[in-house]
Amino acid sequence: MEQRSTFSGKLGFVLAAAGSAVGLGNLWRFPYLAAKYGGGAFLLVYIVLAITFGFVLMVTEIAIGRKTQLSPMEAFGSLNKKWSWLGKLATIVPVLIFPYYCLIGGWVTKYAGVMISGTVKQAASDDYFGSFIGKTGEPLIWFLIFIIATALVIIFGVNKGIEKLSRVLMPALLVLTVALSIYVVTRPGAGAGVKYYLMPNIKDLNVKTFLAALGQLFYSMSLAMGIMITYGSYFSKKEHISKSARQIEVFDTLIALLAGLMIIPAVFVYSGGDKEALGKGPSLMFVTLPKVFNDMAAGRIIGILFFVLVLFAAITSSVSIMEAIVAGVVDKYNTSRNTATVIVAFYGILVGIACSFGFGIWSNFKIIGFDILDFLDFVSNSILLPLVGMLTCIFVGFVVKPKTIIDEIELNGEFKLKGFYTLMIKWIAPLLIFFILVSSILDTAGILSI
Ligand code: TRP
């Protein structure tokens, strides 16, 4: 009996953390980055970074949360007063991500609607998506539906129910993604895509690939933004941190890899893999998948199922991103939860509208060459996440010392990888992140090209 209840407690934690981690990052962001940054090269870099950096940071954050039993805002400060700013810096990321995450959630809602209404054929045409996001009014309606739904989940406190539901729907999503990737991979012409996706080409390995993979890794696993510290603070003292961390990572990576296997070969089937189609960026999933559904037998039903499940994964994540911001506002300004939720929703709506206009009436407005959405994405994922990740490593490596974390992990038995952990967190991770960050900023600024 004892053992069984421990097991389900641990499984509960892993599923909850994985439920928050699996979202648009896996299904929408990973495939378009992989397509853009050389397929196999990106995949290889991503996996190597996941096993090393991802693992080390995931373990660290869960251990900090469990040790301090505090929110990220306070956790760093409680370990060392001078470092409380790092907790604050980490919580800026959800603030930047939230508005555009909900905008894309709105796009997913629209596509679920398209599948349900049966206009799949039109949606499969090349410029359907571009003309949709360029409109002034329509994308905003879908965006508002999504963001208001997110806020209502928080206000009516149905998060727990949603979380329970997502434990059924997440595995369903996994099964459907497997089935769809098998379908896509067996289409004529998909072979070249599979090869592009799975076979790394050394030519494509450059510092931008590393930065994109690193930012994506943090984003997808909700690392370097305080989220896993919060989850860690609920983690039972009886469980083994490093095993759970590995399971969350494996699940999250598996979903991302399958999403890529479903989308990238499809790009080859429908466009022969021309560079422009591969570089589509944020629109890739929305342009490619309707073509797949349009061609399939029972494509409409499968399309409905797919977008509804993605919508679910997106809602569970947007709720937890919003929660993180709301909790910060409540802490800092002492408002009620509902007031904070309304304020955060208003903020999200304003910034989200700006992001949406960035594809239409404001498309001439660029910030250092980026659309508004791309700019927020760049600052949060390519700058802040690596920066917070690096600072966390320095903080643990030299201020609180790796031993503090290792001791916390070893409350539940030996941590076999402690030598590796210490080396990574003190030297390899911070130095490499520093190198990747600086060289790609120089590269973006046009000062250096690697
Ligand atoms: N990891 C989530 C995804 O892959 C996105 C995300 C970013 C997130 N920050 C978060 C989820 C904070 C929950 C909480 O889509």
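Scope of the values below: all heavy atoms of this structure, side chains included, with no hydrogens, waters or symmetry mates. Whatever order the structure lists ligands and atoms in, that order sets their numbers, starting from 1.
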Report yes or no: does a heavy atom of Ala324 sit under 4.0 Å from some atom of ligand 1?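 No, Ala324 has no heavy atoms under 4.0 Å from ligand 1.
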What atoms in ligand 1 come closer than 4.0 Å to a heavy atom of Tyr101? 3 (C), 5 (C), 15 (O)
Numbering the atoms of ligand 1 from 1, which are under 4.0 Å from a heavy atom of Leu24?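 Near Leu24, meaning under 4.0 Å from one of its heavy atoms, ligand 1 has 15 (O).
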In the protein, which heavy atom is nearest to [atom], and how far is it?
atom                    : result
atom 13 (C) of ligand 1 : Ser320 OG, 2.8 Å
atom 3 (C) of ligand 1  : Ala21 O, 3.1 Å
atom 11 (C) of ligand 1 : Ser20 O, 3.2 Å
atom 10 (C) of ligand 1 : Ile321 CG1, 3.3 Å

At under 4.0 Å between heavy atoms, is it the side chain or the backbone of Met225 that contacts ligand 1, or both, or neither?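 It is the side chain that gets close, since no backbone atom is under 4.0 Å.
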Please work out whether any backbone atom (N, CA, C, O) or any side-chain heavy atom from C-beta onward of Ile227 is under 4.0 Å from ligand 1, and answer side chain, backbone, both or neither.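 Within the 4.0 Å criterion, Ile227 contacts ligand 1 through side-chain atoms alone.
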Taking atom types as modelled, find out whether Asn338 and Thr341 have a side-chain donor-acceptor pair closer than 3.5 angstrom.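 No donor-acceptor contact under 3.5 Å links the two side chains.
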Is there a side-chain contact between Leu384 and Phe218 (heavy atoms, below 4.5 Å)?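 With C-beta onward as the side chain, the pair stays apart.
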Carefully, step by step, assess Thr253 and Tyr46 under the rule side-chain hydrogen bond (donor to acceptor under 3.5 Å, both in side chains). CA-CA 9 Å; Thr253 307; Tyr46 187 86; 4.8 Å; no
State whether [X] and [Y] are salt-bridged, where the test is any N-O pair (Lys NZ or Arg NE/NH1/NH2 against Asp/Glu carboxylate O) under 4.0 Å.
X      : Y      : answer
Glu408 : Lys237 : yes
Lys135 : Glu138 : yes
Arg66  : Glu239 : no

Please check whether Gly25 reaches ligand 1 - meaning an N/O of the residue sits under 3.5 Å from an N/O of the ligand, judged on distance alone.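 Gly25 vs ligand 1: N/O contact under 3.5 Å present.
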Name the residue from Trp107, Tyr111, Trp28 that meets the ring-ring contact (aromatic ring centres under 6.0 Å, His included) definition with Phe307. Tyr111
